[in-house]
**Student:** 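Below is the structure I would like to discuss, written out as structure tokens.
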Amino acid sequence: MNRREIEALRERVSCAAVLEQAGFTIDVKESTRRAVKFRRATEIIIVTHEGRGWFDPLSDAKGDVFGLVEHLDHVGFLEGAGRVARLVGFAITEPEWQRQRPDEEYDLSLPERWQARRRPWPGSSTWGYLYGERFLPAPLLRAAIRQGRLREGPYGSMWAAHTDNDGTLTGWEARGPEYRGFASGGTKILFRLGQDNALRLAVTEAAIDAMSLAAIEGLRDGTLYLSTGGGWSPSTEAALRKMASRPDALLVAATDANPQGEMFAERLRGLADVAGCDWSRLRPPEEDWNETLKIGEKEKRRRKEGRRRAAFAPPASREAAPGGAGP
């Protein structure tokens, strides 16, 4: 197979075709048009570059369609190329994507794009999403806003800042009612909420889960609530290792209660071993911390509304006693 044939195959066969043929399925809830998440049991592959690239968020593996076949089937390049050739014309199942949501102005730098966005406020669409749909309590939202962690994204979405250990903005998680993604041109490191010098490091997979856990725990003193944004880049690992290496640090794996969450928790256990710090597993009672928070907040808000209605209800009319008193 010559170079021209290899390039033709690379253009004609999508990584999605390889994954679908191998039994992977699309996780639509966790995907965007630019980053499609495929699952097979505990395995996860993210397809990028319109199907021409891929990476494994739980390892450093990445590449093109040929590298994907080698990664999945543990074969050499020539045999892998033959398997790719057999997939020419393979029809993949495309999800019905909603309209792509723009999240930035491309002629601005990351800090400029961030500063151009307002902070959420009560009554704003982003506040409505976080408070009304995600049930994040108002005191928690105000704390996150005071720390400069949140911005109003377009179409009612939330931007949650990722920073390095020096506090430099590197990007943001973007999440809304109909949109999920990460800042174009940005780098996932860590979303942070709480005390920067804290020794209890509670690591979740999403900024909304980090804020949800913080709400449940009442922004516990000595705790820094973190989110990896669902990834595990070398920059994320280096930032966590540096914080975990501080004397008396405790690394808390507060990841989801599902196979992916357990895999992240094991990675955190390994990082704790390398850093020489304590480690613990904090598993949410529901699948994730936001689902756990919703259950408690819905009940609290229901009771509060019941008390409010009772306070403003007219007094019950007193019924006349039957038969009245005789002369």
**Student:** CG/D248 to SG/C277 distance, rounded to the nearest 0.5 angstrom?
**Tutor:**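 Spacing of CG (D248) from SG (C277) equals 10.5 Å.
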
**Student:** Can you sort out the partners of W114 under ring pair (Phe, Tyr, Trp, His ring centres under 6.0 Å), two or more places apart, ordered by chain and number?
**Tutor:**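 Once residues adjacent in sequence are excluded, the partners of W114 under the ring pair (Phe, Tyr, Trp, His ring centres under 6.0 Å) criterion are W172.
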
**Student:** Apply the test side chain to side chain contact (heavy atoms under 4.5 Å, CB included) to residues D209 and T255: give CA-CA distance (whole Å), side-chain angles for both, the deciding distance (0.1 Å), then the verdict.
**Tutor:** CA-CA 9 Å; D209 284 322; T255 50; over 6 Å; no

**Student:** Take R34 and S184 through the side-chain hydrogen bond (donor to acceptor under 3.5 Å, both in side chains) test and state the conclusion after the steps.
**Tutor:** CA-CA 10 Å; R34 289 180 296 181; S184 294; 2.6 Å; yes

**Student:** So which heavy atom on L110 is nearest to which on G185, and how close?
**Tutor:**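 Minimum heavy-atom separation between L110 and G185: CD1-O, 3.9 Å.
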
**Student:** Ignoring hydrogens and angles, tell me if any N or O in the side chain of S233 forms a donor-acceptor pair with the backbone of K188 under 3.5 Å.
**Tutor:**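 Yes, the answer is positive, given that a donor and an acceptor are paired below the 3.5 Å cut-off.
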
**Student:** Provide the full list of ring pair (Phe, Tyr, Trp, His ring centres under 6.0 Å) pairs with a residue in residues 22-60, sequence neighbours left out, each pair given once.
**Tutor:**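 Only W54-H71 qualify under ring pair (Phe, Tyr, Trp, His ring centres under 6.0 Å).
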
**Student:** Do T126 side-chain atoms and S157 backbone N/O form a donor-acceptor pair below 3.5 Å?
**Tutor:**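 Yes, because the side chain of T126 sits within donor-acceptor range (under 3.5 Å) of the backbone of S157.
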
**Student:** Which value, rounded to the nearest 0.5 Å, describes the distance between T187 atom OG1 and H162 atom NE2?
**Tutor:**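 If we round to the nearest 0.5 Å, T187:OG1 and H162:NE2 are 10.5 Å apart.
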
**Student:** For side chain to side chain contact (heavy atoms under 4.5 Å, CB included), just list the numbers for L72 and L19, CA-CA rounded to whole Å, side-chain angles, deciding distance to a tenth of an Å, and then say yes or no.
**Tutor:** CA-CA 9 Å; L72 294 177; L19 292 169; 3.8 Å; yes

**Student:** Could you tell me whether K62 atom NZ has more than 12 heavy atoms of other residues or ligands within 6.0 Å of it?
**Tutor:**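 For K62, atom NZ is not crowded (no more than 12 foreign heavy atoms under 6.0 Å).
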
**Student:** So, for V65 and S14, which heavy atoms are closest and what is the spacing to 0.1 Å?
**Tutor:**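 Residues V65 and S14, closest heavy atoms: CG2-O, 4.1 Å.
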
**Student:** Do you know the tightest heavy-atom contact between G156 and S125?
**Tutor:**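 For G156 versus S125, the nearest heavy atoms are CA-OG, 3.5 Å.
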
**Student:** So E237 and L271, do their side chains get closer than 4.5 Å, heavy atoms only?
**Tutor:**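 Yes; the side chains approach each other to less than 4.5 Å.
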
**Student:** Can we say E152 and R119 salt-bridge, meaning some charged N sits less than 4.0 Å from an Asp/Glu carboxylate O?
**Tutor:**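 Answer for the salt bridge query: no.
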
**Student:** Please round to the nearest 0.5 Å and tell me the distance separating atom CE of M263 and atom OG of S59.
**Tutor:**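 Rounded to the nearest 0.5 Å, the CE-OG separation comes out at 8.5 Å.
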
**Student:** Is the backbone N or O of F66 less than 3.5 Å from a side-chain atom of D64, with the two atoms forming a donor-acceptor pair by type?
**Tutor:**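 The answer is yes, because a donor-acceptor pair under 3.5 Å joins these two groups.
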
**Student:** Taking the basic N atoms (NZ, or NE/NH1/NH2) and the acidic carboxylate oxygens, is any pair closer than 4.0 Å for R39 and E43?
**Tutor:**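 No salt bridge links R39 with E43.
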
**Student:** Please report the shortest heavy-atom distance between L169 and P111, naming the atom on each side.
**Tutor:**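 In terms of heavy atoms, the two residues are closest at CD2-CA, 4.0 Å.
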
**Student:** Heavy atoms only: give me the nearest A244-A249 pair and the separation to one decimal.
**Tutor:**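 What the structure gives for the nearest pair is O-CB, 3.5 Å.
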
**Student:** Quick one: list whatever passes side-chain hydrogen bond (donor to acceptor under 3.5 Å, both in side chains) with N165, sequence neighbours left out.
**Tutor:**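 Listed in chain order: R192.
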
**Student:** Going by distance alone, is a donor N or O of one side chain under 3.5 Å from an acceptor N or O of the other, for N290 and S212?
**Tutor:**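 Per modelled atom types, N290 and S212 side chains form a pair under 3.5 Å.
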
**Student:** Counting distance only, does the side-chain N/O of R40 pair as donor-acceptor with the main-chain N or O of A22 below 3.5 Å?
**Tutor:**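 Such a contact is found between R40 side chain and A22 backbone.
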
**Student:** Going by heavy atoms in the side chains, are L201 and W279 under 4.5 Å from each other?
**Tutor:**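 The answer is no, as the side chains (C-beta and beyond) never meet within the 4.5 Å cut-off.
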
**Student:** Have S227 and E173 got a donor and an acceptor in their side chains that come within less than 3.5 Å?
**Tutor:**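 Yes.
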
**Student:** To the nearest 0.5 Å, tell me how far I26 CD1 sits from E20 CD.
**Tutor:**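 So the CD1 of I26 and the CD of E20 are separated by 6.5 Å.
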
**Student:** Please find the pair of heavy atoms, one from D27 and one from S31, that lie closest to each other, and give the distance.
**Tutor:**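 Answer, listing the atom of D27 first, then S31: O-OG, 2.6 Å.
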
**Student:** Please give the remaining members of the hydrophobic cluster of L213, linking ILVMFWY side chains under 4.5 Å, ordered by chain and number.
**Tutor:**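 So far as hydrophobic clustering goes, L213 is joined with W127, Y129, L130, Y131, L136, L140, L141, I145, L150, M158, F191, L193, I208, M211, I216, L219, Y225, L250, V252, L282, W289, L293.
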
**Student:** Using modelled atom types and a 3.5 Å cut-off, is there a donor and acceptor pairing between side-chain atoms of Q147 and backbone atoms of G194?
**Tutor:**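 The answer is yes, because a donor-acceptor pair under 3.5 Å joins these two groups.
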
**Student:** Rounded to the nearest 0.5 Å, what's the gap from CZ on R281 to CZ on R269? Could you check?
**Tutor:**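 Rounded to the nearest 0.5 Å, the CZ-CZ separation comes out at 10.0 Å.
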
**Student:** So, do R241 and V274 sit near enough that their side-chain heavy atoms are less than 4.5 Å apart?
**Tutor:**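 When only atoms from C-beta onward are counted, V274 and R241 do touch, with a gap below 4.5 Å.
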
**Student:** For E297 and K294, what are the C-alpha separation, side-chain angles and deciding distance, and is it a salt bridge (charged side-chain N to carboxylate O under 4.0 Å, His left out)?
**Tutor:** CA-CA 5 Å; E297 283 295 310; K294 282 179 181 179; over 6 Å; no

**Student:** Taking salt bridge (charged side-chain N to carboxylate O under 4.0 Å, His left out) as the test, write out the residues that go with R283, two or more places apart.
**Tutor:**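 Partners of R283 under the salt bridge (charged side-chain N to carboxylate O under 4.0 Å, His left out) test: E262.
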
**Student:** Are E217 and R200 within salt-bridge range, i.e. N to O under 4.0 Å?
**Tutor:**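 Result for this pair is yes, salt bridge flagged.
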
**Student:** Can you tell if the side chain of L226 reaches within under 4.5 Å of the side chain of T204, non-hydrogen atoms only?
**Tutor:**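 The answer is no; the side chains never approach within 4.5 Å.
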
**Student:** Taking side-chain hydrogen bond (donor to acceptor under 3.5 Å, both in side chains) as the test, write out the residues that go with R220, two or more places apart.
**Tutor:**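 Checked R220 against side-chain hydrogen bond (donor to acceptor under 3.5 Å, both in side chains); zero matches.
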
**Student:** V18 versus L87: any side-chain heavy-atom pair under 4.5 Å?
**Tutor:**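 Contact flag for V18/L87 side chains = yes.
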
**Student:** Ignoring hydrogens and geometry, is there a side-chain-to-backbone donor-acceptor pair from D73 to V75 under 3.5 Å?
**Tutor:**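 Not at all, since once roles are kept as given, no pair shorter than 3.5 Å links the two residues.
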
**Student:** Step by step, work out the side chain to side chain contact (heavy atoms under 4.5 Å, CB included) result for V69 and E79.
**Tutor:** CA-CA 9 Å; V69 172; E79 184 174 349; over 6 Å; no

**Student:** Is NZ or CZ of R118 both nearer than 6.0 Å to the six-membered ring centre of W121 and within 45° of the ring axis?
**Tutor:**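 Because its charged atom sits under 6.0 Å from the ring centre and within 45° of the axis, R118 does stack over W121.
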
**Student:** Are R151 and W159 in a cation-pi contact, defined as NZ or CZ under 6.0 Å from the six-membered ring centre and within 45° of the axis?
**Tutor:**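 That pair does not qualify as a cation-pi contact.
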
**Student:** Given the rule in the side chain to side chain contact (heavy atoms under 4.5 Å, CB included) test, do R117 and R113 qualify, once you have shown the distances and angles that lead to the verdict?
**Tutor:** CA-CA 7 Å; R117 289 286 172 176; R113 281 148 56 190; over 6 Å; no

**Student:** Out of curiosity, L190 CG to D164 CG, how far, rounded to the nearest 0.5 Å?
**Tutor:**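 The CG atom of D164 is 9.5 Å from CG of L190, to the nearest 0.5 Å.
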
**Student:** Indicate yes or no: does D288 engage R134 in a salt bridge with an N to O separation below 4.0 Å.
**Tutor:**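 No salt bridge links D288 with R134.
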
